[in-house]
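Positions are given from 1 along the sequence.
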Amino acid sequence: GSEMCIRDSADAYTIKIGKERLAQAAQLPAQPYSLYASKTIIFDTETTGLNPGEDEIIQISIIDGLGNVLINELVHPYWKKSWSEAARVNGITPDRVANAPYPHELIPKVKGIFAAADLLVAYNNQFDLNFLEEWGIQAIGKKQFDVMLAFAREYGEWNDFFCDYKWQKLGTAAAYYGYHFRAHDSLEDVRATLYIFDQMQHSNKRELFEDYFWEDSEDEFDEEEEW
């Protein structure tokens, strides 16, 4: 009970300083990056929990549409000292990130990769993008494809409460297409996501999946702010 809470929480000063460091890091400019082989990127993060702004990224992996690894790094968090629940899922313990680079060492490269990309692909895009937004990374003006939403439609398990198709785990989607891997390592996850994405693009249901491409534009955000 209470012991766990104390052990899992950093003190208020550490959190304040850490968040300031992240806010500064998020302002760093992009390092120009050329995507020669493919302008599609597949990205995934592992985090200390589910709440952007409170939790931190502890692994980031990005590959291009041909499977070339663009970045695959464990990340040293600024303020989180332990994350026992998340560690049980992703296997990334504090000692594994002790000598890893901090976000400010990675942000310029990650920003450059995102800036160079034409299409952003992920499994549950919004989860990762909410965390990457804390790094100052924007998806505005980029075409996106969320493999999770497209697969929910393909799998076809209807949820009456939400009046929509039920989201499925990445492992379920991979197995559906005959792909087996070790989930919750972000590099393994992006490879599985690319495999599923490719299967969708080459399937006879390609038209069905066309509906799942979309683009965030500045205009949509401006309209929302006016209301």
Task: Residue pair Lys19 / Glu134, side-chain heavy-atom distance below 4.5 Å - done: no
Open item on the list: If you define the side chain from C-beta out and look only at heavy atoms, does anything of Leu129 sit under 4.5 Å from Glu133?
Closed with: no
- [ ] Can you tell me which residue pairs pass the salt bridge (Lys or Arg N to Asp or Glu O under 4.0 Å) test with a partner in residues 109-129, sequence neighbours excluded?
- [x] none
TODO: Measure from the side-chain N and O atoms of Asn125 to the backbone N and O of Ala122, and report whether any donor-acceptor pair falls under 3.5 Å.
DONE: yes
Task: Hphob cluster co-occupancy, Phe197 + Leu120, side-chain heavy atoms under 4.5 angstrom - done: no
Task: Listed once per pair and sorted, the ring-ring contact (aromatic ring centres under 6.0 Å, His included) pairs that draw on residues 21-54, sequence neighbours left out - done: Phe43-Phe114
Open item on the list: Once salt bridge (Lys or Arg N to Asp or Glu O under 4.0 Å) is applied, what residue pairs with a partner in residues 138-157 remain, sequence neighbours excluded?
Closed with: Glu154-Lys205
Task: Minimum side-chain heavy-atom gap Phe145-Met200 below 4.5 Å - done: yes
Open item on the list: Quick check: closest heavy atoms across Ala174 and Ile196, and the distance to 0.1 Å?
Closed with: N-CD1, 3.7 Å
TODO: Considering non-hydrogen atoms only, spot the tightest contact between Pro94 and Ser82 and give its length.
DONE: CG-CA, 4.0 Å
Open item on the list: Please check: side-chain N/O of Arg88 versus main-chain N/O of Trp83, any donor-acceptor pairing under 3.5 Å?
Closed with: no
Open item on the list: How long is the straight-line distance from CD1 of Ile57 back to CG of Leu106, given to the nearest 0.5 Å?
Closed with: 9.5 Å
TODO: Would you name the heavy atoms of Phe151 and Thr172 that are closest together and state the gap between them?
DONE: CZ-O, 4.1 Å
Task: Main-chain N/O of Glu73 paired to Gln59 side chain as donor or acceptor, under 3.5 Å - done: no
Task: Trp135 side chain vs Leu22 backbone, donor-acceptor pair below 3.5 Å - done: no
TODO: Please identify each residue that fulfils ring-ring contact (aromatic ring centres under 6.0 Å, His included) with Tyr177, with sequence neighbours left out.
DONE: none
TODO: Would you indicate whether the side-chain heavy atoms of Phe127 and Pro52 approach each other to under 4.5 Å?
DONE: no
TODO: Take Arg21 and His104, measure what side-chain contact (heavy atoms from CB on, under 4.5 Å) needs, and give me the verdict at the end.
DONE: CA-CA 8 Å; Arg21 287 181 73 189; His104 60 264; 3.6 Å; yes
Task: Nonpolar side-chain network containing Trp158, other nodes, edges under 4.5 Å - done: Tyr165
Task: ILVMFWY cluster, Ile71 and Val190 together (side-chain gap under 4.5 Å) - done: no
Open item on the list: My understanding is that a hydrophobic cluster links ILVMFWY residues whose side chain heavy atoms are under 4.5 Å apart, including indirect links. Using that, what else belongs to the cluster containing Val89?
Closed with: none
Open item on the list: Return the CD1 to OG1 distance between Ile63 and Thr193, rounded to the nearest 0.5 Å.
Closed with: 8.0 Å
- [ ] Under the side chain to side chain donor-acceptor pair (under 3.5 Å) rule, what do Thr48 and Asp55 come out as? Steps first, then yes or no, please.
- [x] CA-CA 5 Å; Thr48 61; Asp55 286 300; 2.9 Å; yes
Open item on the list: With a 3.5 Å distance limit and no angle check, can you tell me whether Glu105 reaches the backbone of Tyr102 through a side-chain donor-acceptor pair?
Closed with: yes
TODO: Measure up the Tyr179 and Phe181 rings against each other and bin them: parallel (under 30°), tilted (30 to 60°), perpendicular (over 60°).
DONE: tilted
Task: Expected output: side-chain Asp189 to main-chain His184 donor-acceptor under 3.5 Å - done: yes
Task: Glu56 side chain vs Lys80 backbone, donor-acceptor pair below 3.5 Å - done: yes
TODO: Apply side-chain contact (heavy atoms from CB on, under 4.5 Å) to the pair Ile62 and Val110, showing each step before the final yes or no.
DONE: CA-CA 9 Å; Ile62 309 175; Val110 176; 4.1 Å; yes
Task: Beyond-backbone contact of Tyr123 with Gln168, side-chain heavy atoms, under 4.5 angstrom - done: yes
Open item on the list: So if I apply the side-chain contact (heavy atoms from CB on, under 4.5 Å) rule between Ile92 and each of Val75, Val97, Asp185, which one comes out positive?
Closed with: Val97
Open item on the list: Would you say that more than 12 heavy atoms from the other residues, nucleotides or ligands in this model lie under 6.0 Å from the CG of Asp95, or not?
Closed with: yes
- [ ] Side-chain contact test, heavy atoms from C-beta onward, threshold under 4.5 Å: evaluate it for Leu194 versus Val121 and give yes or no.
- [x] no
Task: Gap between atom CG of Leu149 and atom CG of Asp211 - 0.5 Å precision - done: 11.5 Å
Task: Rounded distance [0.5 Å steps], CH2 in Trp167 versus CZ in Phe162 - done: 8.5 Å
TODO: Answer yes or no: is there a donor N or O on one side and an acceptor on the other, between the side chain of Asp11 and the main chain of Thr14, under 3.5 Å?
DONE: yes
Task: Gap between atom CG of Asp216 and atom CD of Gln138 - 0.5 Å precision - done: 9.0 Å
- [ ] Treat each ILVMFWY residue as a node, draw an edge where side-chain heavy atoms are under 4.5 Å apart, and state whether Tyr78 and Leu50 are in one component.
- [x] yes
Open item on the list: Looking at Tyr176, I'd like to know if its OH atom is crowded, meaning that more than 12 non-hydrogen atoms belonging to other residues, nucleotides or ligands lie closer than 6.0 Å.
Closed with: yes
- [ ] Establish whether Leu119 and Ile113 are linked, either directly or via other cluster members, by ILVMFWY side-chain heavy-atom contacts under 4.5 Å.
- [x] no
Open item on the list: Between Asn159 (side chain only) and Cys163 (backbone N and O only), is there a donor and an acceptor less than 3.5 Å apart?
Closed with: no
Open item on the list: Just verifying a value: how many Å separate Ile137 CD1 and Ile140 CD1, rounded to the nearest 0.5 Å?
Closed with: 13.0 Å
- [ ] Answer with yes or no whether the hydrophobic clustering places Ile107 together with Leu70; edges join I, L, V, M, F, W, Y residues whose side-chain heavy atoms lie under 4.5 Å apart.
- [x] yes
Task: Heavy-atom closest pair, residues Gly49 and Ala86 - done: N-CB, 4.2 Å
TODO: Write down the atom of His76, the atom of Ala100, and the distance for their closest heavy-atom approach.
DONE: CB-O, 3.3 Å
Open item on the list: For a 4.5 angstrom cut-off between non-hydrogen side-chain atoms, does Ile60 reach Leu132?
Closed with: yes
TODO: Answer whether the closest heavy-atom distance between the side chains of Leu74 and Ile58 falls below 4.5 Å.
DONE: no
Task: Ser61 side-chain N/O to Leu187 backbone N/O, donor-acceptor pair under 3.5 Å - done: yes
